Amino acid sequence: MAEEEFVRKLPLRIILVRHGESEGNRDDSMYTRTPDHQIALTPEGMKQAEECGRKIRRIIEQGNGESVAAPDWRVYFYVSPYKRTLCTLKGIGRAFERERIIGVREEVRLREQDFGNFQEEERMKIIKQTRARFGRFFYRFPEGESAADVFDRVSSFLESLWRDIDMSRIKNHCDNGSSELNLIIVSHGLTSRVFLMKWFKWTTHQFELLNNPQNCDIRVMQLGSGGEYSLAVHHSKEELDEWGLSAEMIADQESRAKGNRGHWNGHCPRFCSQFFDHFAPDDVKEEQEPTCPNNGSTCSSSSSEILNS
């Protein structure tokens with residue numbers, strides 16, 4: 001008997017959420033006397049979280065732009081163990097009935113970048129000035145982490161996330177086998193940027209271009225018509241530009257929104273002029289608008305490549 005072909009059932013959306021306004025966002029001196037992981041939300045931060053939950057629900061109920069949402073849609077949450085993210089999750093969750101929520105997992109790898117222990121205010125100002133000169137991605141805080149360290153643990157989390165999807169661990173929580181699943185990841189600004197960097201294979205230079213999300217800002221990665229996750233399915237080009245994505249990064253997102261999943265693997269050259277300096281001008285021009293065999297789409301990476309990266 002022929003071996004059954006493996007088909008991955010992907011969530012329709014992966015939604016990244018930064019926590020609401022925290023006491024540390026309002027007053028930097030909080031970090032000098034309160035451990036970072038115990039910083040709570042302000043009353044305004046809780047209001048932001050509740051509004052964020054309503055906004056996410058509206059996005060889900062509006063469907064994918066071409067059809068209405070499946071009546072049996074569900075949400076599954078991953079959350080950083082910090083107090084401000086757990087409180088944000090609580091506020092977001094008020095927008096969903098119990099039967100809509102099929103599970104929650106506290107995930108320590110989604111925590112905030114470690115800046116050290118108690119943070120002396122004047123010392124941190126000098127340290128952050130040094131980081132600005134050194135570069136945000138590689139600078140490691142004394143007794144803490146660099147963004148590169150966060151990248152490593154987020155990469156590990158993504159491997160676990162794919163295993164959860166492939167082994168139907170998330171779907172098995174849903175008794176009625178919902179056909180539309182939305183993953184919501186409640187985390188931190190830098191962690192969310194690193195998540196997107198890893199997913200879309202952005203370079204360290206492209207990471208440095210990104211602006212930090214505002215409190216309770218969301219980034220919606222949604223499956224496009226060809227089965228690729230893209231920020232351009234839900235978000236406008238203007239939004240992506242405001243977030244700091246370059247013209248090349250935006251073009252890639254638009255391509256992912258419309259491209260055919262799997263056709264790009266192993267066939268298309270990557271944008272590589274930034275890595276080499278010996279190409280002729282015509283080679284560089286041709287590379288700026290690469291096309292893929294059979295479909296003429298702009299080159300990009302398939303979601304499935306992440307499994308092997």
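Along the sequence shown, residues carry numbers from 1. Every heavy atom of this structure was used, including side-chain atoms; hydrogens, water molecules and symmetry mates were not. If you're wondering where the values come from, they're calculated on a predicted model, not measured in any experiment.
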Electrostatic pair Glu61:Arg58 at N-O distance under 4.0 angstrom: no
Report the residue from Glu112, Glu107, Glu106 that forms a salt bridge (charged side-chain N to carboxylate O under 4.0 Å, His left out) with Arg109. Glu107
Pairing of Glu50 and Lys47 as salt bridge, 4.0 angstrom limit: no
Between Arg153 and Asp114, is there a side-chain N and carboxylate O pair less than 4.0 Å apart? no
Just say parallel, tilted or perpendicular for the rings of Tyr229 and Trp199, cut-offs at 30° and 60°. perpendicular
Show, in sequence, the C-alpha distance, side-chain angles and deciding distance for Phe151 and Phe207, and conclude whether the ring pair (Phe, Tyr, Trp, His ring centres under 6.0 Å) test is met. CA-CA 11 Å; Phe151 181 93; Phe207 170 84; 8.9 Å; no
With a 4.0 Å cut-off on N to O distance, would you call Lys198 and Asp152 a salt bridge? no
Note: Glu99-Arg74 ion pair, threshold 4.0 Å (strictly below): no
To check you understand the geometry: which heavy-atom pair defines the closest contact between Cys216 and Cys52, and what is its length? O-SG, 3.7 Å
With a 4.0 Å cut-off on N to O distance, would you call Arg111 and Asp36 a salt bridge? no
Carboxylate-amine/guanidinium proximity below 4.0 Å for Arg13 and Glu180: yes
Test Arg26 against Glu21 for salt bridge (Lys or Arg N to Asp or Glu O under 4.0 Å), laying out the working first. CA-CA 7 Å; Arg26 182 71 67 85; Glu21 182 189 68; 2.6 Å; yes
salt_bridge(Arg57, Glu97) N-O dist < 4.0 Å: yes
Please report the closest heavy-atom contact between Arg84 and Ala40, naming both atoms and the distance. CB-C, 4.4 Å
Closest contact, heavy atoms only, Pro11 versus Ile165: CD-CD1, 3.9 Å
